[in-house]
Every structure is written in structure tokens, then in C-alpha cells.
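Below is one structure; the comments refer to it alone.
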Amino acid sequence: MKYIDEYRDGRLAMDIARQIVATADLVRSYHFMEFCGGHTHAISRYGLEDLLPPNVRMIHGPGCPVCVLPIGRIDAAIALAMRPEVTLCTYGDLMRVPGSDGSNLLKAKAAGADIRMVYSTLDALRIAEAEPNRDVVFFAIGFETTTPPTALALKAAIAKGLGNFSIFCNHVLTPAAIQNILESPDVRKLGTIKIDGFIGPAHVSTVIGTEPYEFFAEEFQKPVVVAGFEPLDVIQAILMLVRQVNDGRHEVENQYIRAVTVFGNEKAQAEVANFFELRESFEWRGLGEVPYGALRLRPQYATYDAEKRFSMVTPAAKDNPACECGAILRGARNPADCKLFGTVCTPDTPMGSCMVSSEGACAAHWTYGRLREKARQADAGRAVA
Amino acid sequence: MNKMGVKAYTWKLDIANGRVDLSHGAGGRAMGQLIEDIFHKALDNDWLRAGNDQSTFAVPSGRMVMTTDGYVVSPLFFPGGNIGTLAVHGTINDIAMAGAVPLYLSACFIIEEGFPLADLECIAQSMGDASRETGVPIITGDTKVVERGKADGVFISTAGVGRVPDGLDLRADAAQPGDAVIISGSIGDHGVAVMSKRENLEFDTAIISDSAALHGLVAAMVAAGGKHIRLMRDPTRGGIAATLNEIANQSKIGFHIDEEAIPLKPEVAAACEFLGLDPLNVANEGKLVAVVAPDGADVVLAAMQAHPLGAEAMLIGHAVADENCFVQMATSFGGGRIVDWLSGEQLPRIC
């Protein structure tokens, strides 16, 4: 466990926290977006916000693949799973993601759909091999980190001649989403959302490297620190961002030097490029259509593409109009600002995308942050009194 | 041989190669043979030998406690136990959490057609061993066989009765601000042991289930400081997070616990880290959480640590006044957070 414990050393964290206090300029405020749900989870789980000075605030970004999957894709997956010949293989946390009309994969399974929870793409492949009479579809989601395993599953399926295996591809791309946030009117034109820098996800950069962030660090003049998911990684990244802001720099820095390089894992990138190409546009739940923000299978692999194989359609479906997920994902609103938060929308009854996965901003806030909110309210009450 | 000295069954039960079929649940000769050759042999005692459809026993004076529970664990066999040992230990523990002395158990088996007789015998034998070791006999039971696909191998339902010592009245709503929270040992062992053998998730680990009957430990606690114990709970499904939240809501208090004080084996921590699970939500089958009045915390803790099943017992926190009934934890990293109920099933994260 030493390899984990040394990144969770409370005394070291306090040292770095003291450096942040000493470095952060008292007359200015710092707003940093941690893009990835893994960072949100670490911040919440270890109570990192307790260690930060009040003028350094974290904004939870859209980096949870479960959260950003649009409602129409869930509806399409449910419709596919209800076909009698289909076995839909999915990661567990997709099971409870709400589609329209309150349905989800868990309810579809209870209604008779053959839906199997798997832990890897290879599990889905094994099911296809073991049950040749079933049409086995892998419900593929995730950022750059989970795309190479999907590519390898396809490669293996082709090598084994598995005609009953296909992919429902929902892989999305990180840099495109960050660019989308920075180009949104509330960030760029209205200035209602202040973002002074980003913490970039290390697992994504183990695949793509740090280089893809160079463009918008320059274009939007925002610093990026690619950081790991241990609490010390995150707090060190915050200190690095504070220093960049103070210096007026907007560079891409690599905190996760133990695994991330400038150009990433080029072999994995090549495997992905073999099988996937960019979609011109793809809807992200909460962000809307993101140009070049997702991948699809190349045309030569159409027989392995569930969307083509089953003539799938993605129905137009809207989120609950009271749901503030879009604004929360862009950092324009806090979870507690949403009228649905904690009333009808809880982790047991998620209405919006941010409450669905344990790494969503609302779920993290519900699980870990409610207390902080209560304490703030109590402090405000005392101050007024 | 039956009572008449006549061989009752034409064919010997082929335990090594045979499988349960629908005739084993049909009430005829095959069912009688299954019960006699597997269950009565494994669980043997005077009550079962009497061959009645029920068992008669003497009732001690005082307050009795009764519980019932169903066991549907998958896989059926895991490091450190199987569904049978779990059924015996779990029901004894439910009785023991009232501070009571468990007296008798019942067991109902719902078996899927096609289930190997050898596995059934192994489960029954383990239950017999567990019953003898704990001194709590299984005195009545039932067997049903359902068609293939209508069960997952075997389900076991057990019930148990026990006697509460005079003067003891443990209640879920009895926790008060200032009370000490004590855990009897390391958390998460059972859940990780079971997950390590789950289909599609197999991984190598030396962790074995902590499945154990806790009535001996409870007796030692009650003898040392029973009057100080407010309540006890075994943190099974949902782990200590669910248990503490349940108690907090029932007692209308909150808890402050300290992450550093919670015993956790490095191997369990590593497995949870690998799978993206929180050990506070992972199941235990041989641990208890005790809420103890402040005056008695030391004596109860010492009694626990003197018992083999409580050797690693630790004081992990205190009850506090809190109208929100929050369970809060000081993290090992210097921050604080809420420990909430688990939503749905705890599943590994995507990335």
C-alpha cells in the first residue's frame, strides 16, 4: 500500500496547503475547474476544499462519461436491449442512468431485457464467444482512457471471426469538451463564469499526452496542469495553477510525471485511429452538441457498429426543464443552486446527469458536500446575527 | 437403516456425481432419502432424529428474541466459508446483537434443479460443523426444489431464537450524544473475499471472509459492561456506513468518526482501491459495531480486545447531537466529509 499511502500523507498535504495560502494573492480570487470526475471524487472524498483558502475555489467540470451521455442514447440502448435477439453488455454505473419517462437499463432488465453488467470489454467478448446464438452488443462509453480497450476488443473480435459481437460507440474526447466550455458565451463573452485554469485528467493524458492541451492553453490563455487522482496530486496541481496565475503564465504543466509524457501512448493512439474516426458533432448531456467531441467506428467496420447493424435511432429527448445540469457542468451554477437538488433529485432518484454517477458534481456534493453547505449557512447565519 | 431395521431406499444416493432433481422436492421417497442422507447426517441432533415436522423445546424464563434471514450469496463458496456457514453465523449474530444467548435455529433450503449433490452435502456439512462449534443446534428445517433457472443454485433461509439476559434492553434508538462507537475488528474482509471469486471479477488475494458467530464475544461484553451498552449491530450489507447511518436515524443523533482509527487490512484497502470501492460500504460477516455509554467504553473495549474475535477492536468515534443525523468522518488527509448510505449496489467505477 505504500505506493498509495505516500500520495495520501496528511502532513505533506498540510505543507502544500500552507504554500497555497502563502502563494495565493489575498486581493484576487482563483477559480479552477477540475475537468474529470475522478478529481471531483478525490476532492470530495478527502475533504480537500477544507484545506484551501477561501479565495481558491474549485469548479466541478463535465468530466464524467456517465454524466454526459445524453438521454436519447440511453433510450436507444434500452430499445436495443429490448430486442429479443440482443444481449447488451454494460458497465454497472450505466444501469441507473435515467432515460426519458423515468426508465433506465435496470428497469429494462427487470422487464425482461437481456442486459449483463460487465467489468471490461473482454467480458463482453467472452459472452459473445460462449453464446454464439446471441447478438452481443458492448455499450462503450468513456473518454480517451477507455477507448483503447474497446479498440482492442474489436481487434480480438475480428481476429476470432466473432460475427455476433458489436459496439454501441459513445466514446467522447476531452480537449473538445474543454474547448466547448471555454467557447460558451457565459465564459467567453459574458464573463459570468470565471475560470482561471484547468486541472487536466492524468489517465486521459497517459493515452493522449499533454500536447493536445497546448492549443487552447495558448488560444484561451488558460493554464492547464495535468494531474493524478491521489489527493496529494490534486493539491499540488492547485499550487502549480496558483503560481501560473500569479506569474501571468498559461502553460501546460505536467504534475503526473510518473506516467504522463508529452505525446502519450502512441501505440494505443494508433489502435484507436485504426478503428475510430471523429464524429462531426455529438450531443453531450448538459453541454449540447459538441463539434468533433466524440468517436464512431470507421465505415469499414460497419458490421461491428451496433448503430448501423441494428439501424439504431437516437430519439430526441429532453432533460427535466428544471434540471440545472448544463449550467453545473459548465461551472455556471453550483449543485445546491438547483431546485431539484436534494428534493426530487438524489443519488437514489437521479433526475439529471450530474446526480447519476458517484463522480458527478451533484452526487459528489450530495455525498460529501452537504455538510459543508450546512456549515456555510450556519456561519452566514451567525454573521448576520 | 430406518427404525424398522429395513433398508428404506432402493438405490444409494450418488452424492459424488448426482444432481438434485425435481423428485427430491416432491415429497416422496427421493425427498426422504435426500433429507436423511444429507441434512440429517450433517446436522445430526436429537430433535432432527425424532423425525417430526416441527421440534418441541423448553422455553427458558425471561425475554426471548427471534429473528429470520435469507441467504442468496453469489458465489456460494468463497474463501473462508460458504452460504451454509454464513446462514448459521448470520442468524446467530442477529440474535446476539440483542445481547442475547442464541438457543435454536431452523433452516429452509430452496434448491435449483440440477444442483450437484456433492455441493449440497458440503454446504450441509459446513452448517453442521458451524452449528456444533457454536453450540446452537438446527432443530427443524424444510427442503424445496425449484425448476432450473428459478433459483441460483441454492438459497437458504434460517430463523433463530434466543434468550436476552435479565436487565439487558438494547434498542436501536438508544444512542446518545457522547456515546463511544466501537468496532470489533477490521472492516471489508467478507465483501472483498466474495468479490474476489465473483464471475468476471476474479482476482488473487489472501483475504478470507471474516464470517464468524459473535455470541461468545457478545457474552464477554455483556459480562464486563452490559449495563453500559446502548446497542449493537453487525455491519453486513452496506458496511459500517449503512450501519452508522441506520443507528443515527433511529436514535436521532449524528456520529463523528475518525478514518485513521478504523481497522482496515492493507490487502482489503488495496482491493477496494483497485475496484474503486469505499471499504466503509463493503460487507462484513463477523464484526459488530457497539455504541457504549461514555463511562463504560474502556471496560467494554478491554473485554472485546481480550476475546479472539475482538482482538483488533478499536474506538472509532463518538455520537454527537445533530438534527441532520449526519455521519461525519475526519479523513486521514486532514479534511472532513460525510459518510453516506450507499445508493444502489456498489459497483466498480468505469475509469
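Reminder, nothing fancy here: chain letters follow the sequence lines and each chain counts from 1. The structure displayed is predicted, hence computed values, not measured ones.
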Option in A:A363, A:G10, A:P231 with maximal non-hydrogen atom pairs under 4.5 Å from chain B
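Maximum pair count with chain B is reached by A:P231.
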Relative to chain B, which of A:L51, A:L12, A:L106, A:I235 shows the most heavy atom pairs under 4.5 Å?
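Max contact count across the listed options: A:L51.
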B:R337 side-chain N/O to A:G47 backbone N/O, donor-acceptor pair under 3.5 Å
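No: the side chain of B:R337 does not pair with the backbone of A:G47.
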Using non-hydrogen atoms and a 4.5 Å limit, figure out which bit of A:L232 sits close to chain B: side chain, backbone, both or neither.
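Both parts, backbone and side chain.
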How far apart are the closest heavy atoms of A:D9 and B:F333, and which atoms are they?
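For A:D9 versus B:F333, the nearest heavy atoms are O-CE1, 4.0 Å.
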